There are 2 protein chains.
Amino acid sequence: MPKLGMPPLRRRALIDAAIMTIGERGTLDVTMSEIAGRAGVSSALAHHYFGAKDGLLQATMRHILSELNADVRKALATSRTARERVSAVIAVNFSATQFQPEIIAAWLAFYVEAQKSQPLRRLLRVYARRLHSNLMSGLTGLMPRPEAERVAEAIAALIDGLYIRRALKDGTPNATSAVALVEDYLETKLLQHKKPA
Amino acid sequence: MPKLGMPPLRRRALIDAAIMTIGERGTLDVTMSEIAGRAGVSSALAHHYFGAKDGLLQATMRHILSELNADVRKALATSRTARERVSAVIAVNFSATQFQPEIIAAWLAFYVEAQKSQPLRRLLRVYARRLHSNLMSGLTGLMPRPEAERVAEAIAALIDGLYIRRALKDGTPNATSAVALVEDYLETKLLQHKKPA
DNA sequence: TATTTTTTATTGACTGATCAATCAATAAAA
DNA sequence: TTTTATTGATTGATCAGTCAATAAAAAATA
């Protein structure tokens, strides 16, 4: 049985290799040998550490999720106002570390796999809930709660939508215009509450 | 060589079976035998008609796309005003024929496959362009063109985003709330142009 | 119309390739 | 000396794609 704690040297290398491979190929349909090869080890070792392929994929998803989460926390920590908090959450999703072709492709691939795999579905739901509550933490200070709920829902949909559309284009993702689009929506909504009809 | 025109009896059955199978399983990772079996024929026949698996998948995507397109045309035909045209396009995307679990799942699966397959990517780009221009056909009558571009972009992202998020939940999709969300965005934007800041 | 010929529809059985997963063996640490 | 790390080789399953054979339709011919 693989040691889970101490020196996750190879574990980490395998997860990184998995992200790269999945991202490049745009699918979870990559072989264990391919991933292992890129990590400089044999496929047998990958099985040794992660049990089955599922295990590696889940660990990989968990890793992406926790990186995103760490980034969000960091960004929220330096935000003072409610308004800033919302923008911080948005910004992180399109930051240089997150909005990369490989990561975007991997996200998309995991979304699809989640339809087959219950553990992955669970992970993605955790992410969705977390995103929602992070957005709410700012939005509730800016508008009535039921409206905040709807806006959070919309922002989340926009983010996912921009990711999926981004995956279809080639070249470097344009984070700036993506953020601008979401911010424009938010700004419009806020205006609506400052000068009510 | 398969006859392309006349009695697309089996062709159609195979495409329908493909949609069902892909939709249920939420992945393009379905076997030719599975699809063929559901259509009540042998897998060899599927190859006879579509050449390779790719061929069947592309035909399936094309079919979904053309159904959607037909629905949009129909809806646009009965729309009088620019405002109605925009709503019509939105409504069709969440109509009973389109916003079904199987179709949604299939869309998502095709999106991912498009990262590998150039023909599928091309098809999805055609769809994206078409959606954009359909939205613009209404929006240009309601706001200045550059703003209309941005709003069309946002609506498209919202639609894709709502699809992808929908795919993660179970149960019947809630089209009503999805439409409401997009319409709310549109309405907010329109208000902004009626009473400018 | 009846008969022959050609084309199309359809299948079961087979092949070759690909891969996840296992395992026994060895090296290295603890 | 026991546990952990690591591998090459192997196995078993799964599938896409092929093919030769047969049935059924359609077209051509008598």
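Every chain is numbered from 1, with letters handed out A, B, ... down the list of sequences. Because the structure is predicted, anything quoted here is derived from the model rather than measured.
- Ion pair A/Arg25/A/Glu34 flagged as a salt bridge, since at least one NZ, NE, NH1 or NH2 atom sits closer than 4.0 Å to an Asp/Glu carboxylate oxygen.
- Side-chain proximity of A/Ser42 to the nucleotides D/dT18, D/dG8, C/dA20 is greatest for D/dG8.
- Base pairing of C/dA25 is made with D/dT6, judged by Watson-Crick or G-U wobble geometry with both donor-acceptor distances under 3.5 Å.
- Nearest heavy atom pair, residue A/Leu168 against residue B/Arg121, reads O-CD, 3.8 Å.
- The separation between B/Asp29 atom CG and D/dT14 atom P is 14 Å, rounded to whole Å.
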Given ring-ring contact (aromatic ring centres under 6.0 Å, His included), test B/Phe99 with B/Tyr163 step by step and report yes or no. CA-CA 8 Å; B/Phe99 206 55; B/Tyr163 263 72; 5.1 Å; yes
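- Closest to the side chain of A/Ala44, from the set D/dG8, D/dG17, C/dC19, is D/dG8.
- The interatomic distance linking B/Lys53 (NZ) with D/dG17 (C1') rounds to 12 Å, in whole Å.
- For the pair B/Arg10 and C/dA9, the criterion of a side-chain N or O lying under 4.0 Å from OP1 or OP2 is not met.
- Between the side chains of B/Asn69 and B/Tyr127, no donor-acceptor pair is found at a separation under 3.5 Å.
- Rounding to whole angstrom units, CD of residue B/Glu34 and C1' of D/dA13 are separated by 15 Å.
- Of all nucleotides listed (C/dA9, D/dC15, D/dT7), C/dA9 comes nearest to the side chain of B/Leu45.
- A straight line from CZ of B/Arg11 to P of C/dA9 spans 11 Å, rounded to a whole angstrom.
- Going from atom CG of B/Leu56 over to atom C1' of D/dG17 covers 14 Å, rounded to whole Å.
- When the C1' atom of C/dT10 is taken as reference, atom CZ of B/Phe50 falls 15 Å away, rounded to whole Å.
- Comparing D/dG17, D/dT7, C/dA20 against the side chain of A/Met32 picks out C/dA20 as the nearest.
- The CG atom of B/Asp54 sits 17 Å away from the P atom of D/dC15 (whole-angstrom rounding).
- For the pair A/Leu9 CG and C/dA29 P, the interatomic distance rounds to 12 Å; values are reported in whole Å.
- Here the closest non-hydrogen pair linking B/Arg150 and A/Leu181 is O-CD1, 4.4 Å.
- B/Tyr49 has a side-chain polar atom (N or O) that falls below the 4.0 Å cut-off from OP1 or OP2 of C/dT10.
- A sub-4.0 Å separation between OP1 or OP2 of C/dT10 and a side-chain N or O of B/His48 is absent.
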